Amino acid sequence: METESEPYVRLTTLRQLHQVMADMNTARSLADTLQTVADGVVNGLGYELACVNLVRPDGDLVVAALAGNSAAEALITGRVGSRTSWDRRLNMGEAWGDLRFIPHTEGWVLDEDDVPQWYTDGPAPRFEDEWHPSDRLFAPMHTPGAQGGGSGELIGVLSVDRPRNGRRPGAWGREALQMYAFQAAIAISNARLRANMQRALVRLEREQQALRASEESFRQAFEYAPSGMAIAEMGGDQHGRILRTNDALCRLLGRPASAMRRYSFSDLVHPEDIGTLLRTSAEGGRAELRLGRRDGTYVWVSLRNSVVADAADGPRFLLTHVEDIEERKRRELQLAHRASHDSLTGLPNSAELRSRLGARLCQRPQSLLPGAVASLDAAYGHAPLTPELPATYDGDSGHAFDFRPGPGPFDAFDHHVHTIAPEGETDDGAKGLAVLFCDLDGFKSINDRFGHNAGDAVLVEVARRLTNVVRDGDTVARLGGDEFVVLADGLGRADAQDLAVRLRNAIIPPIRVDGRAVRVGASFGIGWAHCGMTADEVLKSADERMYVEKRSRPKQHRRAG
């Protein structure tokens, strides 16, 4: 655009300026916009060369586009000038509104700085307003809304060289360049915004594709996992309700997926394992418990919990991994049973007998006399104690039993049956824990005459007969050799003596071994558990009474050989 005197600006000049501004705002990308800005200075404003210097994130300015000279474009496009050098340029010379003009008389000090430069050749000016080849004119571009005073954020600088008419721009030319720089800043900002939006959309689409792929991977991993998986609600009124299960869990419990959605795990867990489930942490918690099958049986499983969120701040769900550990539990229980039971008869062994007896004995310090204990019980509001047994496994029925004690101030040593044992030889109505020590009579002669296999068969049969006589809850144990012990709770003296007679009568009948009938007798000693006694002391007391009873009976009445 040639410099013209106001107000005689040709209509074609205004049309050219309008067109380059329209082109600038319709460019498709940031790179296209920058090149259109440079081209518009040459085509619409009438300069021979224009350069767009764009501010980078680090603050320096890079030559992003150049128009008017292909040689200059190849030489300096992409080169960078420091922000310090550019700030010096924009603060020297003459201020033409927002423009900055540095005449050749001052610009020589900039020849050696790091800003990329290009000079057009030409003769030295003959008139005062002619353009000198070393003159410099810059149009700063600021963020929209910050025009005027240069106080807005600098986004770039338009540098122009040599108007086509060879003269320095007049008032109209300066105003046009300043207005063009303002519109160029808007176009560049909009192009950057569009580019950022496009990048965000591409990133979002990629994230959505990754999320869909992740969801599909999770779905396949969930559905086709070899062990059970479930998703349950977390929090709210429906906390714990099962929302989704995989095929493996449905097969394990014999329940269809539609039916599983009516339950929570607390509905399916064995009543004895409710406490274990409630103590299991929702985040990273593990538990081993029993879940109910559709047929009414229970299966041992290992539960492992983790928390997943639907979104960053969305609802949280509980992902539960359910592993079938029935075989492992069965092996563990079998091993525990073997460790605590006699391998020949299947009865509790000596260690298990002492454990059960010790758990039911009063272990209070000897300094606490009965009167003092009663006073302390009353002071602390201690409830009457109830019989307690440790968690045990019954090998015959395959069931585990857990007898839990009630709370009290002496929990550290109150795991016992606190009873008053019968005193004297008469039945005074007191009931206690009776310990019946049994020693077989005539057993050694069977081993000597018929061999140990016959002796083992006799021991197995005696164990069976003793077990058939006692009540549910009583313990029959093999202490070792031909010695057996019966623990019977809640018996008076007459009850215990009657039980001993019935046990002896059960043993006496002939036992057939390898086609022959053999007989053994039995001697019983009855001991009673007292507060402060140990298991060994109780057994020793019963053993001593058994030997007293054995010696008091005529020899011919002891056996049955």
Side-chain angles (χ1 to χ4, degrees), residues 215 218-311 313-334 336 386 388-407 472:
E215 288 177 345
F218 173 79
R219 187 191 68 80
Q220 296 215 12
F222 182 90
E223 293 294 343
Y224 302 113
S227 54
M229 302 282 285
I231 297 176
E233 287 194 18
M234 189 172 181
D237 297 337
Q238 298 293 318
H239 177 76
R241 185 173 67 88
I242 296 174
L243 300 175
R244 186 176 175 184
T245 56
N246 69 349
D247 290 341
L249 182 57
C250 292
R251 290 194 304 269
L252 178 64
L253 300 183
R255 302 175 186 270
S258 58
M260 289 291 292
R261 288 192 289 270
R262 297 197 297 265
Y263 299 103
S264 66
F265 279 110
S266 59
D267 299 324
L268 300 172
V269 74
H270 192 286
E272 294 179 7
D273 297 334
I274 283 288
T276 302
L277 179 66
L278 295 179
R279 289 190 298 269
T280 303
S281 169
E283 301 189 18
R286 298 178 67 103
E288 293 186 356
L289 43 77
R290 288 160 290 179
L291 293 180
R293 291 191 176 108
R294 186 178 183 181
D295 60 7
T297 61
Y298 287 88
V299 58
W300 276 101
V301 299
S302 172
L303 296 185
R304 183 171 67 251
N305 294 329
S306 58
V307 177
V308 295
D310 189 43
D313 297 320
R316 305 170 79 200
F317 299 94
L318 192 64
L319 177 63
T320 302
H321 178 266
V322 183
E323 182 182 359
D324 182 359
I325 59 171
E326 182 72 18
E327 283 299 321
R328 175 169 67 80
K329 271 294 182 180
R330 183 178 290 112
R331 289 194 299 269
E332 289 177 357
L333 294 173
Q334 288 173 348
T386 56
E388 177 203 351
L389 283 173
T392 60
Y393 176 76
D394 187 298
D396 297 327
S397 63
H399 297 294
F401 301 94
D402 188 6
F403 296 85
R404 295 178 174 83
D472 291 339

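Not measured: the values here are computed from a predicted model. All values below come from the heavy atoms of this structure, side chains included, with hydrogens, waters and symmetry mates left out.
- Contact record, Met229 with Asn246: N-OD1, 2.9 Å, taken as the closest heavy-atom pair.
- Residues satisfying the side chain to side chain donor-acceptor pair (under 3.5 Å) criterion with Glu326, sequence neighbours excluded, are Arg330.
- Note: Leu291 CG to Thr297 OG1 = 11.0 Å, rounded to the nearest 0.5 Å.
- Atom-to-atom distance recorded for Leu268:CG and Arg294:CZ is 13.0 Å, nearest 0.5 angstrom.
- You'll find the side chain of Trp300 reaches within 4.5 Å of the side chain of Arg290, heavy atoms only.
- Pairing each heavy atom of Gly228 with each of Ala248, the nearest pair is N-CB, 3.9 Å.
- Considering only residues two or more places apart in sequence or on other chains, Arg241 meets the side chain to side chain donor-acceptor pair (under 3.5 Å) condition with Glu233, Gln238.
- What you find for Gly240 and Ser264 is that their closest heavy atoms are O-CB, 3.0 Å.
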Query raised in the report: Does the side chain to side chain contact (heavy atoms under 4.5 Å, CB included) test come out yes or no for Leu303 and Thr280, once each step is laid out?
Result: CA-CA 9 Å; Leu303 296 185; Thr280 303; 5.8 Å; no
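- Using a 4.5 Å heavy-atom threshold, the side chains of Arg286 and His321 count as separate.
- The structure places CZ of Arg279 at 10.5 Å from CG of Leu289, a figure rounded to the nearest 0.5 Å.
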Report task. For Leu318 and Val307, run side chain to side chain contact (heavy atoms under 4.5 Å, CB included): C-alpha distance rounded to whole Å, both residues' side-chain angles, the deciding distance at 0.1 Å, then the answer. Result -> CA-CA 5 Å; Leu318 192 64; Val307 177; 4.2 Å; yes
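- Pairs passing the salt bridge (charged side-chain N to carboxylate O under 4.0 Å, His left out) check and including a residue from residues 248-270, sequence neighbours excluded, do not occur.
- Considering all non-hydrogen atoms of both residues, Pro271 and Tyr298 come closest at CD-OH, 3.8 Å.
- Thr320 meets the side chain to side chain donor-acceptor pair (under 3.5 Å) test with Asn305; sequence neighbours excluded.
- The side chain to side chain contact (heavy atoms under 4.5 Å, CB included) search around Glu288 returns Ser302, Ile325, Arg328, Lys329, not counting sequence neighbours.
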Query - Candidate pair Val301 and Leu252, rule side chain to side chain contact (heavy atoms under 4.5 Å, CB included), full reasoning - result: CA-CA 10 Å; Val301 299; Leu252 178 64; 3.9 Å; yes
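- Here the CG-CG distance, from Leu243 to Leu319, works out to 11.5 Å after rounding to the nearest 0.5 Å.
- Looking at every heavy atom in both residues, Met260 comes nearest to Ile242 through O-CB, 3.7 Å.
- For Tyr263, there are no ring pair (Phe, Tyr, Trp, His ring centres under 6.0 Å) partners, not counting sequence neighbours.
- Considering only residues two or more places apart in sequence or on other chains, Phe222 meets the ring pair (Phe, Tyr, Trp, His ring centres under 6.0 Å) condition with Phe218.
- Considering all non-hydrogen atoms of both residues, Ala230 and Thr245 come closest at CB-CG2, 4.1 Å.
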